[in-house]
Amino acid sequence: MDTLPVSVANEVRDVAWRSAWMAANDVANYPFDAAADKASVALHFAALKEEVLALHLGLSDDLLTDIRMMALHAAWHTAYTRQGRARAAAEALAEFENMATAVALARDEVTVRLADEVRWLCWNASWHAANSRTGYSRDAAKDLQGFKSHWRGMVQAPYLGVNLGGWLLLERWQCETLFKDFTAEEAPDEYSLSQRLGPAAATERINAWRDSWITRD
């Protein structure tokens with residue numbers, strides 16, 4: 001699977017988001033907020049499992065648990081880091097990396113690309129919460145943008161293609177040899193080149209260019 005249905009991606013998003021805030025609030029000594037976030041994580045994780053089952057996606061409970069734990073360890077790592085608790089932060093980071101590896105290795109369930117999107121969604125959610133709670137507002141804003149970007153990556157695969165600039169649309173900067181007989185002022189584009197050459201010569205030269213533009217190596 002290379003993308004998630006929006007309903008499933010939303011639950012993954014909310015598990016990561018609430019995990020991030022649970023850790024940030026707990027470490028910053030906001031126990032009531034942390035408790036509410038913890039309850040929310042449990043609700044969204046249950047909803048995630050139900051949605052996966054209802055849509056017959058074939059994602060195992062083990063994989064979903066690994067995603068949840070990846071989000072949780074990312075959250076503890078960033079929260080501890082911002083509070084200067086280096087040892088605890090390092091331990092959480094190691095666990096996060098272990099869970100990220102486990103998710104990435106579930107290749108019969110998700111692609112490496114999708115696993116990577118989930119990983120960085122969790123990471124950005126965690127840094128957003130940790131930075132927000134400790135007053136790093138600029139960093140938090142960047143983390144939020146990354147969080148949103150990786151959510152989009154979970155629901156929509158990137159467009160893949162080949163740039164054929166200089167083939168059908170003739171631009172002088174890409175086709176210098178085609179325009180070599182005229183200055184940039186005389187023939188800056190395909191239209192002016194055709195005007196300078198005349199219909200017959202322009203057709204011959206441009207067709208020859210296009211016929212040889214794509215070759216097999």
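None of these values were measured; they are calculated from a predicted model.
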J.: Taking only residues two or more places apart in sequence, or in another chain, which ones meet Thr111 in a side-chain hydrogen bond (donor to acceptor under 3.5 Å, both in side chains)?
T.: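 So Thr111 forms a side-chain hydrogen bond (donor to acceptor under 3.5 Å, both in side chains) with Asp2.
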
J.: Show me, pair by pair, the donor-acceptor contacts under 3.5 angstrom made by side chains of residues 44-57, not counting sequence neighbours?
T.:
| unit_1 | atom_1 | unit_2 | atom_2 | d |
| --- | --- | --- | --- | --- |
| His44 | ND1 | Glu11 | OE1 | 2.9 |
| Glu51 | OE2 | Ser7 | OG | 2.8 |

J.: Taking all atoms of both residues into account, what is the closest heavy-atom pair of Ala89 and Thr81, and its distance?
T.: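 Taking every non-hydrogen atom into account, CB-OG1, 3.4 Å.
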
J.: If I take atom OG from residue Ser126 and atom CZ from residue Phe96, how far apart are they, to the nearest 0.5 angstrom?
T.: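 So the OG of Ser126 and the CZ of Phe96 are separated by 7.5 Å.
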
J.: When you group the ILVMFWY residues by side-chain heavy-atom contacts below 4.5 Å and let the links chain together, are Leu64 and Leu43 in the same group?
T.: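 Each belongs to a different hydrophobic cluster.
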
J.: How many angstroms lie between OG in Ser149 and CG in Leu144, if you round to the nearest 0.5 Å?
T.: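 So the OG of Ser149 and the CG of Leu144 are separated by 11.0 Å.
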
J.: With Trp151, which residues qualify under ring pair (Phe, Tyr, Trp, His ring centres under 6.0 Å), at least two apart?
T.: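 None.
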
J.: Go through the side-chain N and O atoms of Thr65 and Asp62 and say whether any donor and acceptor fall under 3.5 Å apart.
T.: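 No donor-acceptor contact under 3.5 Å links the two side chains.
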
J.: Measuring from Thr203:OG1 to Leu197:CG, what's the distance to the nearest 0.5 Å?
T.: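 Answer rounded to 0.5 Å: 9.5 Å.
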
J.: Flag the pair Glu176 and Lys180 as a salt bridge only when some basic side-chain nitrogen lies within less than 4.0 angstrom of an acidic carboxylate oxygen.
T.: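 The answer is no: the pair does not qualify as a salt bridge.
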
J.: Who passes ring pair (Phe, Tyr, Trp, His ring centres under 6.0 Å) against His77, sequence neighbours left out?
T.: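 His77 satisfies ring pair (Phe, Tyr, Trp, His ring centres under 6.0 Å) with Trp123 once adjacent residues are dropped.
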
J.: Is it possible for you to say whether Met1 and Val155 belong to one hydrophobic cluster, with membership spreading through side-chain heavy-atom contacts below 4.5 Å?
T.: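 Yes, it is one cluster - the side chains of Met1 and Val155 are joined through contacts under 4.5 Å.
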
J.: Looking only at non-hydrogen atoms, find the nearest pair between Phe179 and Ala187 and report the distance.
T.: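 Result for this residue pair: CD2-O, 3.2 Å.
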
J.: Look at the side-chain heavy atoms of Ile, Leu, Val, Met, Phe, Trp and Tyr, link any pair under 4.5 Å apart, and say whether Tyr30 and Val41 land in one connected group.
T.: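 As far as the 4.5 Å side-chain criterion goes, Val41 and Tyr30 are not connected within one cluster.
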
J.: Please check: side-chain N/O of Ser19 versus main-chain N/O of Val15, any donor-acceptor pairing under 3.5 Å?
T.: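 Yes; at least one donor-acceptor contact below 3.5 Å.
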
J.: Can you list everything that forms a side-chain contact (heavy atoms from CB on, under 4.5 Å) with Ala16? Sequence neighbours excluded, please.
T.: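 side-chain contact (heavy atoms from CB on, under 4.5 Å) check on Ala16 returns Ala71, Leu121, Cys122, Ala125.
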
J.: Tell me the salt bridge (charged side-chain N to carboxylate O under 4.0 Å, His left out) pairs involving residues 191-215, sequence neighbours left out?
T.: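 For residues 191-215: Asp181-Arg205, Glu190-Arg210.
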
J.: Which heavy-atom pair separates Ala23 from Ala79 by the least distance, and what is that distance?
T.: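 Closest heavy-atom pair between Ala23 and Ala79: O-CB, 3.7 Å.
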
J.: Tell me, please, which residues at least two apart from Asp116 pass side-chain hydrogen bond (donor to acceptor under 3.5 Å, both in side chains).
T.: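 Only Trp120 meet the side-chain hydrogen bond (donor to acceptor under 3.5 Å, both in side chains) criterion with Asp116.
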
J.: Please name all residues satisfying side-chain hydrogen bond (donor to acceptor under 3.5 Å, both in side chains) with Ser60, sequence neighbours left out, ordered by chain then number.
T.: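 Once residues adjacent in sequence are excluded, the partners of Ser60 under the side-chain hydrogen bond (donor to acceptor under 3.5 Å, both in side chains) criterion are Glu109.
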
J.: Restricting to pairs with a member in residues 130-148, which pass salt bridge (charged side-chain N to carboxylate O under 4.0 Å, His left out), not counting sequence neighbours?
T.: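 Output for this query lists Arg82-Asp139.
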
J.: May I have all residue pairs that pass salt bridge (charged side-chain N to carboxylate O under 4.0 Å, His left out) and include part of residues 21-37, sequence neighbours excluded?
T.: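 Residue pairs with at least one partner in residues 21-37: Arg18-Asp37.
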
J.: Evaluate the criterion side-chain contact (heavy atoms from CB on, under 4.5 Å) for residue pair Thr3 and Leu114; output intermediate values, then yes/no.
T.: CA-CA 6 Å; Thr3 60; Leu114 179 56; 5.7 Å; no

J.: Give a yes or no on whether Tyr136 atom OH has more than 12 heavy-atom contacts from other residues, nucleotides or ligands under 6.0 Å away.
T.: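 Atom OH in Tyr136 is not packed in, count stays at 12 or less.
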
J.: Taking only residues two or more places apart in sequence or in another chain, which ones pass side-chain contact (heavy atoms from CB on, under 4.5 Å) with Leu72?
T.: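 In terms of side-chain contact (heavy atoms from CB on, under 4.5 Å), with neighbours along the sequence ignored, Leu72 is linked to Met22, Met69, Trp76.
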
J.: Hey, what do you get for CZ (Arg68) to NE2 (His73), rounding to the nearest 0.5 Å?
T.: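 One gets 11.0 Å once the value is rounded to the nearest 0.5 Å.
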
J.: Examine distances only and state if a side-chain atom of Ser40 and a backbone atom of Ala36 form a donor-acceptor pair shorter than 3.5 Å.
T.: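 Not confirmed, Ser40 side chain does not pair with Ala36 backbone.
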
J.: Evaluate side-chain contact (heavy atoms from CB on, under 4.5 Å) for Leu4 paired with Leu59, printing each intermediate quantity in order.
T.: CA-CA 11 Å; Leu4 295 175; Leu59 301 179; 4.1 Å; yes

J.: Which pairs pass salt bridge (charged side-chain N to carboxylate O under 4.0 Å, His left out) with one or both residues in residues 119-131, sequence neighbours excluded?
T.: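 Every salt bridge (charged side-chain N to carboxylate O under 4.0 Å, His left out) pair that includes a residue of residues 119-131, provided the two are not neighbours, is Glu97-Arg119.
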
J.: Could you tell me the separation between the CE atom of Met70 and the CG atom of Asn98, rounded to the nearest 0.5 Å?
T.: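 Here the interatomic distance stands at 12.0 Å.
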
J.: Same hydrophobic cluster for Val6 and Val12, using side-chain heavy-atom links shorter than 4.5 Å among ILVMFWY?
T.: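 Val6 and Val12: one cluster.
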
J.: To the nearest 0.5 Å, what is the distance between CZ on Phe147 and CH2 on Trp17?
T.: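 Taking CZ in Phe147 and CH2 in Trp17, the distance rounds to 5.5 Å.
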
